[in-house]
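Following: one structure in structure tokens, then a few remarks.
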Amino acid sequence: MDSAPLELEEDAIAASAPNGAWSLPQSANPAWKRIAAARSAHVRTDRKVLCGVVGPRKAGKSGMLVDSLTDEEVANGAMIFVEDFDAGGDSTVSAHHKDKQENIVVLNPWITNKASKSRVPFNYPETFNKTMDDLLYALEIAESQDEYFKIHGKMPNPSLKTFVFDGMDHWLHICGTAMKIEDLELGDDAVEVSGRKTATKVGRFNWEFRKNRYQAAMNTFQELSRLNVHVYVVTGQKPSYDSNGNEIMGADIAAWMKDTERDLEQLIEVSLEQERSEIGELTGKTISRAQLKFNRTSLRLPEPVVLFEQEVGTDGQWFGYKGLQDGSFEHPEDTHELITEDSE
């Protein structure tokens with residue numbers, strides 16, 4: 001028996017499944033609704049930013065991040081949340097951004113011990129919980145404003161543009177101490193769980209508690225970035241050592257958990273350069289520079305950006321990093337070289 005002509009079979013398929021229902025059928029699986037909504041929603045073109053920032057203290061790391069709102073964004077209610085472990089964000093905003101207190105929200109994650117006999121000022125397990133509360137609320141905001149944009153094609157006022165987690169080195173310590181106090185029950189406070197005696201009671205696989213706590217924040221950062229919030233995770237540096245335990249000068253490394261960089265989209269290293277005269281004496285001038293080290297979304301690496309110039313006996317000069325405003329890490333008004341009398 002001869003089969004039906006091909007064109008008749010195609011007509012029958014089209015009649016039974018109009019408007020693409022054949023390829024995207026309605027289903028009891030809730031995924032079909034999410035896919036249909038995603039195909040019809042307004043598309044945001046924001047660049048994905050989950051950027052690590054590494055550098056020494058007082059190098060301008062916090063300053064360049066809280067300085068990344070444009071005047072238009074401030075007027076439209078864009079906000080930066082700063083999870084401020086070392087008070088760098090608080091002091092920067094107080095000194096230079098008093099007019100933007102509704103736009104730059106500084107959060108203190110620390111919980112102090114109320115016990116009169118406590119030997120440690122901070123409650124590490126509760127500090128961990130408070131920090132995660134802040135992160136999860138930021139995620140709620142990001143989800144809500146993302147839904148708003150899908151419907152209206154614009155951001156609500158106010159909206160969360162950037163989340164700065166200022167103190168990944170502190171976070172690593174908090175996770176490790178909370179693990180010893182709460183997960184392993186080795187003591188009641190940070191002093192009691194410190195030292196060789198406690199260290200011998202922490203088995204190789206127990207460190208997974210610390211890693212899971214640490215990763216809870218990293219996973220939230222990734223979700224915030226996915227929802228188009230610019231995320232910056234900031235840390236200081238720690239020395240590195242050779243096989244004999246000797247410190248390797250000039251080889252400081254980021255003071256966060258190993259493999260953190262694996263989860264980042266970008267990495268910026270900030271450095272301080274102290275100027276010397278022809279005979280090697282310090283001149284009293286210090287220059288801070290920010291260098292984008294990698295960017296998964298682009299092969300281009302811009303020239304280092306000068307953040308500030310500081311000189312003894314002067315007010316110094318702040319330049320900032322305008323390339324952070326849109327997540328491109330490059331802006332024509334960024335300063336790459338300082339003009340000196342010799343170069344004129």
Side-chain angles (χ1 to χ4, degrees), residues 49-71 73-74 77-112 121-122 127-139 141-142 158-175 217-218 220-221 224-225 229-237 254-256 260 264 266-272 288 290 305 307-308 310 316 318-325 327 329:
V49 176
L50 174 46
C51 181
V53 181
V54 180
R57 290 182 175 276
K58 298 177 175 57
K61 301 189 299 296
S62 302
M64 72 176 185
L65 299 175
V66 299
D67 194 32
S68 61
L69 290 176
T70 66
D71 292 340
E73 287 171 337
V74 170
M79 297 184 296
I80 298 175
F81 284 4
V82 183
E83 197 76 16
D84 189 25
F85 286 94
D86 61 5
D90 185 58
S91 60
T92 300
V93 173
S94 297
H96 305 292
H97 300 282
K98 291 179 182 179
D99 59 329
K100 302 185 184 72
Q101 291 191 1
E102 290 188 356
N103 300 91
I104 305 174
V105 181
V106 180
L107 303 169
N108 176 10
W110 294 102
I111 294 287
T112 55
F122 300 120
T127 296
F128 174 89
N129 292 336
K130 183 181 179 182
T131 303
M132 289 306 303
D133 285 344
D134 291 347
L135 286 172
L136 293 175
Y137 183 61
L139 187 57
I141 295 172
S159 63
L160 178 60
K161 177 192 176 183
T162 302
F163 195 100
V164 178
F165 197 85
D166 197 351
M168 287 298 284
D169 41 357
H170 290 286
W171 181 242
L172 178 60
H173 178 61
I174 289 165
C175 292
M218 290 300 301
T220 310
F221 300 152
L224 286 169
S225 176
V229 174
H230 291 188
V231 181
Y232 293 92
V233 294
V234 185
T235 190
Q237 294 174 305
W256 51 30
T260 296
L264 301 176
Q266 300 90 7
L267 177 66
I268 294 173
E269 288 187 1
V270 180
S271 60
L272 289 174
S288 173
V305 174
L307 300 180
F308 66 76
Q310 187 178 42
W318 173 261
F319 301 100
Y321 194 165
K322 292 186 180 297
L324 302 181
Q325 293 175 348
F329 300 94

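Worth knowing before you read on, the calculation uses all heavy atoms, side chains too, and leaves out hydrogens, waters and symmetry mates. Residue numbers start at 1 and run along the sequence shown.
- Evaluation of the side-chain hydrogen bond (donor to acceptor under 3.5 Å, both in side chains) rule for D67 yields W318 as partners, not counting sequence neighbours.
- When every heavy atom of P56 is checked against every heavy atom of S271, the shortest pair comes out as CD-CA, 4.5 Å.
- Residues passing the ring-ring contact (aromatic ring centres under 6.0 Å, His included) test with Y321: none are found, sequence neighbours excluded.
- With sequence neighbours excluded, the residues that form a ring-ring contact (aromatic ring centres under 6.0 Å, His included) with H173 are Y124.
- The side chain to side chain contact (heavy atoms under 4.5 Å, CB included) test with F165 singles out one residue from L224, L135, V82, and that residue is L135.
- By the side-chain hydrogen bond (donor to acceptor under 3.5 Å, both in side chains) test, S225 pairs with no residue at all, sequence neighbours left out.
- Residues meeting the salt bridge (charged side-chain N to carboxylate O under 4.0 Å, His left out) test with E269, sequence neighbours left out: none.
- Take K61 and apply the side-chain hydrogen bond (donor to acceptor under 3.5 Å, both in side chains) test, not counting sequence neighbours, and it matches no residue.
- Residues satisfying the side chain to side chain contact (heavy atoms under 4.5 Å, CB included) criterion with S68, sequence neighbours excluded, are I80, L324.
- Nearest approach of L307 to A59, heavy atoms of both residues: CD1-O, 3.8 Å.
- In this structure, the side-chain hydrogen bond (donor to acceptor under 3.5 Å, both in side chains) partners of T112, at least two apart in sequence or on a different chain, are K114.
- Of the options Q325, H230, E73, a side chain to side chain donor-acceptor pair (under 3.5 Å) to K161 is made by E73 and by none of the others.
- Side chains of L69 and H97 form no contact here, defined as non-hydrogen atoms less than 4.5 Å apart.
- Nearest heavy atom pair, residue M218 against residue L264, reads CE-CD2, 4.4 Å.
- Judged as a ring-ring contact (aromatic ring centres under 6.0 Å, His included), and not counting sequence neighbours, F81 has no contacts.
- No side-chain donor-acceptor contact under 3.5 Å links Q266 to the backbone of G52.
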Could you walk me through whether S62 and V164 pass the side chain to side chain contact (heavy atoms under 4.5 Å, CB included) test, one step at a time? CA-CA 8 Å; S62 302; V164 178; over 6 Å; no
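- Using a 4.5 Å heavy-atom cutoff, the side chains of F329 and V305 are not in contact.
- Nearest approach of F308 to G60, heavy atoms of both residues: CE2-N, 3.9 Å.
- Contact of the L65 side chain with the T162 side chain is not registered, since no non-hydrogen atoms from C-beta on lie closer than 4.5 Å.
- Between T92 and G63, the shortest heavy-atom contact is CG2-CA, 4.0 Å.
- The shortest non-hydrogen separation linking G327 to V49 is CA-CG2, 3.8 Å.
- L172 meets the side chain to side chain contact (heavy atoms under 4.5 Å, CB included) test with R210, Y214, M257; sequence neighbours excluded.
- Applying the side chain to side chain contact (heavy atoms under 4.5 Å, CB included) criterion to T235, with sequence neighbours excluded, gives V54, M168, D169, A254, A255, W256.
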Under 3.5 Å, sequence neighbours excluded: what are the donor-acceptor pairs made by side chains of residues 98-111?
residue : atom : partner : partner atom : Å
N103    : ND2  : V74     : O            : 3.3
N103    : ND2  : A78     : O            : 2.9
N108    : OD1  : W110    : N            : 3.1
W110    : NE1  : F85     : O            : 2.8

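- Note that CD1 of I141 is 5.5 Å distant from CE of M79, once rounded to the nearest 0.5 Å.
- One finds the CG atom of D86 at 8.0 Å from the OG atom of S91 (value rounded to the nearest 0.5 Å).
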